[in-house]
J.: 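I'd like to ask some things about the structure below.
Since the model is a prediction, treat every value here as computed from it, not as a measurement. Letters A, B, ... mirror the listed sequences (proteins, then strands); counts begin at 1.
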2 protein chains.
Amino acid sequence: MSPTDGPSAAPPATRMPVTRRPIERIKAMIAEGRLRPGDRLPTERDLAHEFEVSRSSMREAVRTLTTLGVLEVRHGAGVYVSSLRPADLLETFSVLAEISQGDTLIEVLQVRRMLEPAATALAAARATDAQLERVGAILDRISSGSGGRETVAADLTFHQAIVQITGNATLAAINEGLSSRTFNARVWRGHCADGQAARLRQDHERIYQALLARDPDAARAAATMHVMEVERWLRADLETATAEEAAAPGAAEAG
Amino acid sequence: MSPTDGPSAAPPATRMPVTRRPIERIKAMIAEGRLRPGDRLPTERDLAHEFEVSRSSMREAVRTLTTLGVLEVRHGAGVYVSSLRPADLLETFSVLAEISQGDTLIEVLQVRRMLEPAATALAAARATDAQLERVGAILDRISSGSGGRETVAADLTFHQAIVQITGNATLAAINEGLSSRTFNARVWRGHCADGQAARLRQDHERIYQALLARDPDAARAAATMHVMEVERWLRADLETATAEEAAAPGAAEAG
DNA sequence: GCACCGAACTGATCAGACCAATCGACGCGA
DNA sequence: TCGCGTCGATTGGTCTGATCAGTTCGGTGC
């Protein structure tokens with residue numbers, strides 16, 4: 001065990017960076033329930049005094065906890081404990097999808113291939129009529145679009161809406177983090193260029209039909225096929241990019 | 001769509017907080033590949049000058065990106081782009097498991113119930129002899145322990161080792177984020193108190209046997225059973241806690 | 001009773017100083 | 001020549017205090 005274990009295993013006091021003390025203490029207070037969602041913390045100035053650090057350091061601590069989704073800062077109004085809902089705590093997740101390239105994108109898709117089929121099956125079993133109607137409306141927006149921004153946005157919304165039907169906010173937040181606008185835009189652009197946008201539309205239609213039929217098995221299969229289609233495209237795209245890179249290094253993103 | 005969409009949809013320039021500009025620009029440079037893993041950035045002072053912000057603000061930006069796992073700072077040495085591996089970018093993930101309570105823990109387990117069976121099945125199909133040997137050694141550490149720290153640590157390692165066999169680092173990082181020492185400790189303590197620690201050991205043994213047999217279906221089933229056992233315990237534990245809370249509000253954690 | 005305004009509060013940003021860890025050049029001694 | 005310690009320059013870490021910019025809320029006047 002490392003000497004830094006435990007929230008307040010004080011004795012050794014391994015000279016942790018000053019900024020870290022407030023972070024750990026506040027996190028611990030929240031984990032222990034002494035601070036609850038929506039609670040307001042003292043002002044930055046008071047906190048700094050309480051933890052015996054300068055205001056700059058206190059601000060860095062607050063910023064860290066804000067980035068983690070644990071705290072919320074309102075200019076002029078104060079620092080508050082966030083709702084602590086999964087969506088808050090997993091907001092940072094999106095950087096993975098934003099920044100990842102190449103092999104990591106494949107890995108991300110493999111994870112989605114584990115989650116989305118299970119989620120879609122669950123949704124098929126639980127969906128209410130109103131929820132299905134909403135999904136149908138989103139599907140119309142995908143179909144009526146021409147592969148541009150609208151379509152990409154609708155596509156993302158489509159999958160999010162389905163995952164939300166499961167009622168599992170954590171699952172929804174994770175799945176949302178595994179998708180990204182930019183990646184989805186690439187997928188659509190690629191399919192349109194190959195004249196295969198119909199494939200994507202058909203995938204979505206099949207998923208929707210499975211939901212309508214409230215058939216979990218069909219939903220699972222349809223979702224699996226869809227993710228696999230995206231994965232198939234990505235693998236092909238990566239190969240092309242690699243080949244172009246080899247032919248003309250450093251100019252892969254042109255056009 | 002909100003007016004703040006897009007990384008550099010410049011024209012409106014919606015007066016974003018000063019600190020945010022460097023964050024978005026650096027993130028964009030990384031996403032575009034202009035900054036690569038291991039690259040060193042200019043000093044904080046130079047960066048501040050370049051982005052026309054004060055050093056304090058620049059520091060907050062760097063701090064944010066560090067928290068997100070995108071950058072790495074070495075005291076006295078400089079600021080570097082992290083390896084950008086999933087494990088870096090998903091480090092923040094652990095706060096979810098650390099802080100979550102009640103219903104969110106159930107949700108987390110439901111996600112694990114989607115991931116771990118799939119991962120274990122994949123591991124069964126891919127495991128090498130050396131990897132299996134390592135898992136077996138870890139299993140011995142679980143069995144020889146008595147439910148204390150050692151056991152809990154070995155338990156976590158056991159599952160992580162299996163997921164790592166899949167070769168999917170993103171999956172491994174996500175799954176690790178969905179587990180936490182404190183939660184696992186609670187599970188073991190609870191099972192020991194009920195005299196049911198044998199259940200957990202048997203679950204692990206079954207998973208291991210399925211891996212040895214390189215039987216994905218058996219592995220999937222065994223992993224599912226294991227997560228369900230933990231979920232069963234958690235639901236019972238939550239009910240008990242709720243009941244005690246109702247009887248003696250505010251004293252649930254005593255003893 | 002209500003809309004408006006301003007003072008007090010609180011976070012956001014800035015500036016400059018000094019502390020602490022790192023790294024590399026230099027020089028001493030084996 | 002090689003090895004190692006020292007010292008100074010570089011760079012992140014922390015502190016202080018001032019000023020800018022939203023929020024809140026109570027008072028003021030219609």
J.: Can you measure Asp46(A) atom CG to dG11(C) atom C1' for me and round it to whole angstrom units?
T.: 13 Å
J.: Hey, is the side chain of Arg55(A) pairing donor to acceptor with the base of dA12(C) inside 3.5 Å?
T.: yes
J.: Has the side chain of His75(A) got a donor or acceptor that lies under 3.5 Å from a partner of the other kind on the base of dA12(C)?
T.: no
J.: Please give, in whole Å, the distance from dC15(D) C1' to Phe51(A) CZ?
T.: 18 Å
J.: Could you work out which one of dG12(D), dT13(C), dT14(D) sits closest to the side chain of Pro17(A)?
T.: dT14(D)
J.: Between P on dG13(D) and CG on Leu47(B), what's the gap in Å once rounded to a whole number?
T.: 13 Å
J.: Is any side-chain N or O of Ser54(B) closer than 4.0 Å to OP1 or OP2 of dC14(C)?
T.: yes
J.: Is there a donor-acceptor pair closer than 3.5 Å between any side-chain N or O of His49(B) and the backbone N or O of Arg45(B)?
T.: no
J.: Which nucleotide in the list dC15(D), dC14(C), dG12(D) gets nearest to the side chain of Glu44(B)?
T.: dG12(D)
J.: How long is the line joining CE of Met58(A) and P of dA12(C), in whole Å?
T.: 12 Å
J.: Could you say whether Arg45(B) or Ser56(A) is positioned toward the 5' end of DNA chain D, judged by the nucleotide with the nearest heavy atom to each?
T.: Arg45(B)
J.: Separation of Glu60(B) atom CD from dG11(C) atom C1', in whole Å?
T.: 10 Å
J.: For atom CZ of Arg134(B), decide whether the heavy atoms of other residues, nucleotides or ligands shown that lie under 6.0 angstrom number more than 12.
T.: no
J.: Can you tell me how far C1' of dT11(D) sits from CD of Glu72(B), to the nearest Å?
T.: 16 Å
J.: Between P on dG17(D) and CZ on Arg59(A), what's the gap in Å once rounded to a whole number?
T.: 18 Å
J.: Answer with yes or no whether Arg74(A) presents, from its side chain, a donor or acceptor under 3.5 Å of a partner atom in the base of dG11(C).
T.: no
J.: Work out which heavy atom in Gly69(B) is nearest to a heavy atom in Ser82(B); give both atom names and the distance.
T.: O-OG, 2.8 Å
J.: Identify which nucleotide among dC15(D), dT14(D), dG11(C) has an atom closest to any side-chain atom of Val53(A), counting heavy atoms from C-beta outward.
T.: dC15(D)
J.: Classify the nucleic acid contact of Val62(A) as base, sugar-phosphate or nothing, counting any heavy atom under 4.0 Å across all strands shown.
T.: nothing
J.: Excluding sequence neighbours, so at least two apart, what forms side-chain hydrogen bond (donor to acceptor under 3.5 Å, both in side chains) with Ser57(A)?
T.: Ser54(A)
J.: Would you say dT11(D) has OP1 or OP2 under 4.0 Å from some side-chain N or O of Arg40(B)?
T.: yes
J.: Nearest to the side chain of Ala77(B) - dT14(D), dC14(C), dT22(C)?
T.: dT22(C)
J.: Evaluate the side-chain contact (heavy atoms from CB on, under 4.5 Å) criterion for residues Tyr80(A) and Asp39(A): first the C-alpha distance (whole Å), next the side-chain angles of each, then the deciding distance (0.1 Å), finally the verdict.
T.: CA-CA 6 Å; Tyr80(A) 297 79; Asp39(A) 280 0; over 6 Å; no
J.: Counting only side-chain nitrogens and oxygens, does Thr19(A) get under 4.0 Å of the OP1 or OP2 atom of dT14(D)?
T.: yes
J.: Using atom CZ of Arg63(B) as one end and atom P of dG13(D) as the other, report the distance to the nearest whole Å.
T.: 8 Å
